Asker: 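Next up is a structure, given as structure tokens.
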Protein chains: 2
Amino acid sequence: MTTPVLQELIRALQCLPGIGPKSAQRAAFYLLERNRDGARRLARHLEEAMTRIGHCESCRTFSENSRCRICESPERDPGTLCVVETPLDVAAIEHALDYKGQYFVLMGRLSPIDGVSPESLKLNLLEERLATGVVKELIVATGTTMEGEATAHYLKQMARHLQVKATRIAYGVPVGGELEYVDSSTLSHAIQSRREY
Amino acid sequence: MTTPVLQELIRALQCLPGIGPKSAQRAAFYLLERNRDGARRLARHLEEAMTRIGHCESCRTFSENSRCRICESPERDPGTLCVVETPLDVAAIEHALDYKGQYFVLMGRLSPIDGVSPESLKLNLLEERLATGVVKELIVATGTTMEGEATAHYLKQMARHLQVKATRIAYGVPVGGELEYVDSSTLSHAIQSRREY
């Protein structure tokens, strides 16, 4: 029943995360029926964003300019550097607290099995930056997956080698969380990482 | 943290059904990180589909040509005409059974409160078609919402006036459904619409 042009659109919509054949079909029909202007606007902004947005040459997050707004800001302390996996993590930290340091965004995590090496994460950029002696503390905020932990370990070694203090963000029971509802690996991590009180 | 171009993309993505600010952000970052080619392809196909896809002049479903493939097909029986609300309904029927008749797609349903009149559903086209005497049976497959039922009633009157037999598809307990899990309005409809056995 669908026309070739419509089929192409339905296939193309499946590049979006969480959109399978069924929701793509629903979305295509919805746009054709109700929101052709919105769809045209989306087409323009997709093209513009994919063309204009690159990576900040200093922290590697997404940026339209050679350096992102955080790296450019004179109010940010270059002595504190937080390493995260993705730009979404930057957004989450910026949203949650009044962090005044800078970031380094890995755009991934070390994973030899997927061919993600220190080079592909541009860790040489980070190493050069630590070598300048400006950074006093490296906050390692990679995830707790196996690859995230391996990346954290690699960063710790790099910092130690260059005599920069490295810290790891705390993982444990979420604030407001009740012990009985917390999953067992989080709970076991929280108990292992207990602090003096 | 997000750049203006990125913010525009996140806003534009929200034209898709079921995509709010959070999933739009996730989708935008995902496309930038992992699938820029897919995003560009999506932009092209959105633009192409919105420009090239119009309505079939005979049955009003989506079509790139003046008449859709079903209306053009010599294998379809013009004597049986099934009226549905949307092109998705056509897709569902085509997928489910070997229906050999033709369709008329309302692209909506009568709803005076939203300003949807018989004229805006182009019911005059349908009326002209019934008046030719080619159609022997009008299958009314609009939904069971209040507007769907009102539309069905309107179509029944139109068919009766033009001396065309009108039928309504059966609504009731889904095949394979167990009575205890069926919602009460479906069950009450199924009992009211019981047939001799």
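Chain A is the first sequence line, chain B the second, and so forth, proteins listed ahead of strands; every chain is numbered from 1. Predicted, not measured: the structure shown is a model, and the values here were computed from it.
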Asker: Donor-acceptor pairs under 3.5 Å, side chain of residues 132-142 of chain A to any protein atom, not counting sequence neighbours: which ones?
Answerer:
{"from": "A:T132", "atom 1": "OG1", "to": "A:R129", "atom 2": "O", "distance (Å)": "2.6"}
{"from": "A:T132", "atom 1": "OG1", "to": "A:V134", "atom 2": "N", "distance (Å)": "3.4"}
{"from": "A:K136", "atom 1": "NZ", "to": "A:G133", "atom 2": "O", "distance (Å)": "2.7"}
{"from": "A:E137", "atom 1": "OE2", "to": "A:T167", "atom 2": "OG1", "distance (Å)": "2.8"}
{"from": "A:T142", "atom 1": "OG1", "to": "A:G148", "atom 2": "O", "distance (Å)": "2.9"}
{"from": "A:T142", "atom 1": "OG1", "to": "A:R168", "atom 2": "NH1", "distance (Å)": "3.4"}

Asker: When only heavy atoms count and the cut-off is under 4.5 Å, which of residues 32-39 of chain A reach chain B?
Answerer: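 Residues in range: A:L32, A:E33, A:N35, A:R36, A:G38, A:A39.
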Asker: Within the distance-only criterion (no hydrogens, no angle test), does the side chain of B:D114 pair as donor or acceptor with the backbone N or O of B:V116 below 3.5 angstrom?
Answerer: no
Asker: Taking CD1 in B:I113 as the centre, count heavy atoms belonging to other residues, nucleotides or ligands within less than 6.0 Å. Is the count above 12?
Answerer: no
Asker: Name all residues meeting the salt bridge (charged side-chain N to carboxylate O under 4.0 Å, His left out) criterion together with A:E57; count only those two or more places apart in sequence or in a different chain, and write none if there are none.
Answerer: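 Checked A:E57 against salt bridge (charged side-chain N to carboxylate O under 4.0 Å, His left out); zero matches.
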Asker: Using non-hydrogen atoms and a limit below 4.5 Å, what part of residues 8-24 of chain A faces chain B?
Answerer: A:E8, A:L9, A:A12, A:L13, A:C15, A:L16, A:P17, A:I19
Asker: Is the shortest side-chain heavy-atom distance between A:F62 and A:V105 below 4.5 Å?
Answerer: no
Asker: Check step by step if side-chain contact (heavy atoms from CB on, under 4.5 Å) holds for B:H161 and B:M158.
Answerer: CA-CA 5 Å; B:H161 181 72; B:M158 181 196 281; 5.7 Å; no
Asker: Between A:R41, A:E64, A:E47, which has the largest tally of heavy atom pairs under 4.5 Å with chain B?
Answerer: A:E64
Asker: How about B:T61 and B:I70: do any of their side-chain heavy atoms sit closer than 4.5 Å?
Answerer: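 They are not in side-chain contact.
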Asker: Of B:C71, B:S63, B:S66, which is the lone residue that meets side-chain contact (heavy atoms from CB on, under 4.5 Å) with B:S58?
Answerer: B:C71
Asker: Any chance you could lay out the salt bridge (charged side-chain N to carboxylate O under 4.0 Å, His left out) test for A:E85 and A:R60, step after step, and finish with the verdict?
Answerer: CA-CA 11 Å; A:E85 293 181 6; A:R60 304 212 63 234; over 6 Å; no
Asker: Using a 6.0 Å cut-off, check whether atom NZ of B:K165 has over 12 heavy atoms from anything other than its own residue.
Answerer: no
